[in-house]
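Written below as structure tokens is the structure these notes are about.
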Amino acid sequence: NAVIGRYKLSVQIGSSPPTSLGTFVLLFNPWSSGDDVFMPNKAECEEYVLEEFGIIFAGNKNRISGFGWNFGQFQGDILNICLSIMDRSLYYRQDPVTDVSHRHDPKYLGRVLSAMVNANDDQGVVLGNWSGKYEGGKNPSSWTGSGEILQSWKKSGFKPVKYGQCWVFAAVLTTVLRCLGIPTRTITNFSSAHDADRNLRVDEFYDADGNHLERGADSIWNFHVWNESWFTRNDLGPSYSGWQVLDATPQEESGGIYQCGPASRYAIKEGEVDLDYDCPFVFAEVNADCMYWNYDSATGKKTLIFSKSTEIGDSISTKAVGRDDRVDVTSDYKYEEGSAKERDIFKKARKKLGLEDKFDPTAPTQDEIEQKPDISGKFKVAGSLEVGKDLNLLLVLENLQSDAKTVNVNMTAWSTLYTRRPVNEIWKDSLSVTLAPKEEKKFPIKIKYPEYQQQLTTDKTIQVTALCHVEDGIQVLVQRNITLDNPAIDIQVLGEAKVNKEVVVEVAFTNPIDAEVKDCVLQVEGSDLLRGVLELRIPPLKASEKSSTKFKLTPSEAGPKHLLVNFSCDKFADIKTFKMVNV
């Protein structure tokens, strides 16, 4: 339980003055049974402390994708940078003696570092940007590792690095905590709620044309990435020890600054939202109820379209121990959706937050919640979902009643960020249809590549919405969030990789569209395979042309290592892949 950090070591013989032997750095030790971060499973220690490569999951719940990340916690100057992060926190600046005296405590350091990894309040490491415009910095989706970010922060004299989004904050925090010896992993939550007003409810608003309106501070993100770190909670008791949620993405203030956690994962599952730290926010991220409203800007009137209690917190994912696979940990965060136990826990959390007893004028009435629609609808994908290809969908409408229904449908498609923030309108249309009793009809929708190509964000996400106005009935909202896949890129290692011997690597990409692509850049990194990030410019590629780029690596250490590649050009942003190289 000693304080971690850099110590001076000296020796004194008899009464002669002490002689300095140098310095050493003391870290947490997850292999030691007395340590707060003790992790009994050795394979988990290997993965969550020693592994420098990770996979971060993204996309959306219908289509989960993963990309590689080079945490690089044992490379070059990273340890020194991690120690300087602690000395630049607001806590240290305000009271250095007290701050240092708490550095034996992983829950204290986890909280401090969740604040320092974002730039808000304290000139921390990474500046967030969710505007869709990234001038003056790097697009968040172009990073492939934490090393470049931490080195840039130090080199610039500790100015925040531009720019990050959730997975960047989570990945950098993973690097820092693993470096200090705290077992840490990244967690992706699909359909993640940002409940700004602490009522365990997120409200989304649509106008009569079906456009998603930016009203209110609540939002539902296609995915959100945070961290779990492993340590005891002697402040709460043994059952709350183990994995703790930390979140360095600046979403809401906690104690006056942008920090979040540690929230015990067990407390979240049991609805113990009154326990330290920030349990209500994390509980809402995985459990909030969703309300979809129609908002009339002329009158200011809002009408509930429908509510859903099973939408939020889907396919919560992390990388497997010792292999490059996805593991689903949803059941560690909550009881099964739709079960009585899950609803009981939700009620328990509402009660603890004082939401059960007080009247909420913004909440829908029980009548509104229980109203039953006359029709149902869904969007089906017909064909591939790839950047560069036309997008083919089917709108399926079904009459649930035994009399005919006339429906007017307003449809829109917008490019969005992964936070579902609408950026550019791509397409709109409307149709009128009469559905015979119990009839189902399908309406094909085609959005051509040239229609969306200019509008697409680098998140490659499109939200398609159909607002159905049923004559003499309640409105029905049909929506789907679509994440398009990038074309593939291929890596081959030509020959055997050996320590201190050059080996050639070939990266191949075929332009899949019938137009030239230019401004092509290839970015390569990998701990113990090459130093820093290698950047290669590639000549323009004509329609359907294949490019092959070769470069040399000199591995510095034996064992399984991961090579990460990121390819960008004017038509495709950040095509990522990785390859395991056995050195």
Side-chain angles (χ1 to χ4, degrees), residues 50-56 67-85 117 125-127 134 136-164 167-179 489 491 493-494 497-507 519-538 549-569 573-583:
L50 299 181
E51 180 56 66
E52 294 189 62
F53 169 79
I55 295 173
I56 298 173
F67 57 88
W69 191 274
N70 186 19
F71 294 123
Q73 65 269 31
F74 303 122
Q75 302 300 309
D77 206 18
I78 297 300
L79 175 60
N80 290 328
I81 296 171
C82 293
L83 295 174
S84 57
I85 291 177
V117 164
V125 181
V126 180
L127 183 63
Y134 309 112
K138 275 186 77 155
N139 181 326
S141 55
S142 69
W143 303 107
T144 46
S146 309
E148 190 186 352
I149 294 170
L150 289 163
Q151 303 278 8
S152 307
W153 183 63
K154 185 185 175 182
K155 279 195 192 101
S156 69
F158 306 107
K159 289 192 179 65
V161 177
K162 299 172 178 174
Y163 293 104
W167 65 92
V168 182
F169 296 108
V172 171
L173 186 56
T174 302
T175 297
V176 175
L177 294 173
R178 285 187 184 180
C179 181
I489 187 165
I491 313 179
V493 181
L494 309 178
K498 292 185 172 172
V499 175
N500 295 332
K501 297 267 193 303
E502 275 193 347
V503 64
V504 175
V505 176
E506 180 179 35
V507 177
D519 309 327
C520 305
V521 180
L522 192 64
Q523 206 173 282
V524 188
E525 73 170 290
S527 288
D528 304 328
L529 292 173
L530 69 164
R531 279 172 181 261
V533 180
L534 175 68
E535 201 168 276
L536 301 165
R537 304 218 163 258
I538 295 170
T549 307
K550 288 182 179 161
F551 55 89
K552 288 180 180 145
L553 297 179
T554 309
S556 57
E557 210 177 286
K561 304 295 172 186
H562 284 82
L563 187 66
L564 295 93
V565 168
N566 186 67
F567 174 81
S568 278
C569 60
D574 307 313
I575 303 177
K576 287 179 157 55
T577 191
F578 62 84
K579 188 170 187 75
M580 206 267 281
V581 180
N582 243 322
V583 180

**OP:** Run the numbers on Val503 and Val581 for side chain to side chain contact (heavy atoms under 4.5 Å, CB included), then give the verdict.
**Re:** CA-CA 11 Å; Val503 64; Val581 180; over 6 Å; no

[atom1]-[atom2] distance between [X] and [Y], expressed to the nearest 0.5 angstrom:
X: Asn139; Y: Ser568; atom1: CG; atom2: OG; result: 8.0 Å
X: Gln523; Y: Glu535; atom1: CD; atom2: CD; result: 5.5 Å
X: Asp574; Y: Ser142; atom1: CG; atom2: OG; result: 5.5 Å
X: Leu534; Y: Leu553; atom1: CG; atom2: CG; result: 8.0 Å
X: Phe567; Y: Thr577; atom1: CZ; atom2: OG1; result: 13.0 Å
X: Phe74; Y: Leu50; atom1: CZ; atom2: CG; result: 5.0 Å

If I compare all heavy atoms of [X] with all of [Y], which pair ends up nearest, and what's the gap?
X: Ser141; Y: Asn566; value: O-OD1, 4.3 Å
X: Val583; Y: Glu557; value: CG1-O, 3.3 Å
X: Pro560; Y: Met580; value: CB-SD, 3.5 Å
X: Arg537; Y: Val521; value: NH1-CG2, 3.1 Å
X: Ser146; Y: Thr175; value: OG-OG1, 2.8 Å
X: Val168; Y: Pro140; value: CG2-O, 3.8 Å

Subject >> Phe578 side chain reached by Asn70 side chain, heavy atoms, under 4.5 Å >> reply: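 No. Closest side-chain heavy atoms not under 4.5 Å.
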
Original post:
Taking C-beta and beyond as the side chain, do Val161 and Trp143 meet within less than 4.5 Å on heavy atoms?
Top reply: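 When only atoms from C-beta onward are counted, Trp143 and Val161 do touch, with a gap below 4.5 Å.
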
Original post:
Passes side chain to side chain contact (heavy atoms under 4.5 Å, CB included), Val565 versus Val505? Steps please.
Top reply: CA-CA 11 Å; Val565 168; Val505 176; over 6 Å; no

Original post:
Picking from Phe71, Phe169, Trp69, what satisfies side-chain contact (heavy atoms from CB on, under 4.5 Å) with Thr174?
Top reply: Phe71

Original post:
Out of Val507, Val504, Leu530, which one pairs with Phe551 under the side-chain contact (heavy atoms from CB on, under 4.5 Å) rule?
Top reply: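 Considering Val507, Val504, Leu530, a side-chain contact (heavy atoms from CB on, under 4.5 Å) with Phe551 is found only for Val507.
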
**OP:** For the pair Trp167 and Phe67, name the ring-plane relationship: parallel under 30°, tilted 30 to 60°, perpendicular over 60°.
**Re:**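 Taking Phe67 first and then Trp167, their aromatic rings stand perpendicular (interplane angle over 60°).
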
**OP:** Report the C-alpha separation of Val125 and Leu150 in whole Å, then their side-chain angles, then the decisive distance to 0.1 Å, and conclude whether the side chain to side chain contact (heavy atoms under 4.5 Å, CB included) test is met.
**Re:** CA-CA 7 Å; Val125 181; Leu150 289 163; 4.0 Å; yes

Original post:
Among Arg531, Gln151, Glu52, Glu525, which residue meets the side-chain hydrogen bond (donor to acceptor under 3.5 Å, both in side chains) test with Gln75?
Top reply: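 The passing option is Glu52.
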
**OP:** Would you indicate whether Lys138, at its atom NZ, is surrounded by more than 12 heavy atoms from other residues, nucleotides or ligands within a distance under 6.0 Å?
**Re:** yes

